[in-house]
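Every heavy atom of this structure was used, including side-chain atoms; hydrogens, water molecules and symmetry mates were not.
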Amino acid sequence: MSFLPGEGHSPEFYRDVGELVARRRAEGWLVFYEGVRDDLGRGNDAFSDVLNTLGGAPNLLADSEAHPYEMLAPALAEGLVLQDNEVIIGRPGPDVRNVDMTLSELLAELPPIPPSAHDLQPDAPFNLTEVRETFDGLPGWVQDRVRAAFQILLATTTSGRYAHAVLPPAITTLREQRVARAIEDARDCSILVLYGQLHISAISSHLIAADPAWRIVSSAPVKPF
């Protein structure tokens, strides 16, 4: 079984992942991939509900139809692209499975927004368009420093331990348990798991806790940017 990190990387990274997926599928492997499914059909409005529940600005995404990653990608790294699962995974089939939660399931599991939280919202909350425009207007050397800061922040938070301490279980634990159960149910198969770095250690821990026969044979870093 192989794990790979998730979305928001360079075109070369996704090309390599796509080639690996194609090889594994040709060899008869299953592919399990990450992606909260928008079963509500509300686009960014539904994702705004998630961010608002987590304490974000209510209109952070409401002004744009662009995907949040598309808006923020230039601030994270030059040449960063939005992940396209159809391009990476290839033709659909029973060997490719989304084992993630749906948006409605995610929203149902998130804690309700406390009434006091509304009093803490700024009078004019910012949105992603303003963030993007502000970044685009910065001098080049400042943009480079902002990218470096974001990459350091991402490297720190996606290590898993910090994120699991501050994020609701619906964002982390419940999703990881679902992946682990899917792997257990298909344990006689070879499986390629396309999930973010944040989740990989926890998924492995769930598997080992369920059956000590599970073990990590080897690991290797993958450069995302």
Side-chain angles (χ1 to χ4, degrees), residues 1 3-9 30-62 64 66-72 76 82-83 85 89 96-121 125 127-128 150 153-186 191-210 214 224:
M1 179 172 60
F3 287 94
L4 284 173
E7 59 191 328
H9 302 301
L30 298 179
V31 178
F32 293 166
Y33 66 95
E34 177 180 14
V36 175
R37 288 163 283 163
D38 182 8
D39 60 330
L40 301 178
R42 293 172 49 220
N44 282 345
D45 286 343
F47 285 100
S48 290
D49 291 345
V50 174
L51 291 177
N52 196 19
T53 301
L54 297 176
N59 72 337
L60 185 64
L61 304 174
S64 173
H67 191 285
Y69 283 126
E70 186 178 356
M71 295 295 293
L72 292 175
L76 301 179
L82 183 64
Q83 176 174 320
N85 279 334
I89 294 171
V96 177
R97 305 176 189 175
N98 182 306
V99 291
D100 213 324
M101 301 178 72
T102 63
L103 258 176
S104 59
E105 291 173 326
L106 179 60
L107 287 169
E109 292 289 345
L110 289 175
I113 305 172
S116 59
H118 295 286
D119 299 332
L120 301 176
Q121 296 291 351
N127 55 52
L128 284 187
F150 269 118
L153 178 64
L154 286 173
T156 302
T157 57
T158 59
S159 62
R161 183 177 302 175
Y162 173 79
H164 281 76
V166 299
L167 291 175
I171 301 291
T172 54
T173 308
L174 292 179
R175 298 172 66 197
E176 293 149 0
Q177 289 173 340
R178 180 167 295 192
V179 181
R181 285 196 300 270
I183 294 171
E184 281 280 357
D185 291 341
I191 309 169
L192 177 64
V193 183
L194 304 177
Y195 256 72
Q197 179 181 332
L198 162 65
H199 305 290
I200 292 175
S201 294
I203 294 171
S204 300
S205 297
H206 284 304
L207 290 171
I208 294 172
W214 287 103

Non-hydrogen atoms of Leu103 and Asp39 that approach each other most closely = N-OD1, 3.3 Å
Audit row: Leu107, Leu40, side chain to side chain contact (heavy atoms under 4.5 Å, CB included) steps and yes/no = CA-CA 11 Å; Leu107 287 169; Leu40 301 178; 3.6 Å; yes
Apply side chain to side chain contact (heavy atoms under 4.5 Å, CB included) to the pair Glu34 and Val193, showing each step before the final yes or no.
-> CA-CA 8 Å; Glu34 177 180 14; Val193 183; over 6 Å; no
Check whether any side-chain heavy atom of Arg37 sits under 4.5 Å from a side-chain heavy atom of Asn98, and report yes or no.
-> yes
Interatomic spacing from CG in Leu30 to CD1 in Ile191 - rounded to 0.5 Å = 5.5 Å
So, do Leu194 and Asn85 sit near enough that their side-chain heavy atoms are less than 4.5 Å apart?
-> no
For His164 and Leu198, the nearest pair of non-hydrogen atoms, with its separation, is CE1-O, 3.5 Å
Only pairs at least two apart or in different chains count here, so list each salt bridge (charged side-chain N to carboxylate O under 4.0 Å, His left out) that has a residue in residues 99-108.
-> Asp100-Arg175, Glu105-Arg178
Can you name the closest pair of heavy atoms from Met101 and Ala170 and give their distance?
-> SD-O, 3.5 Å
For Leu207 and Ala180, the nearest pair of non-hydrogen atoms, with its separation, is CD2-O, 3.6 Å
Gap between atom CG of Asp38 and atom CG of Leu106 - 0.5 Å precision | 11.0 Å
With the side chain counted from C-beta on, respond yes when Ile171 and Glu109 share a heavy-atom pair under 4.5 Å apart, and no when they do not.
-> no
Point-to-point distance, once rounded to the nearest 0.5 Å, from OG of Ser205 to NE2 of His199 | 13.5 Å
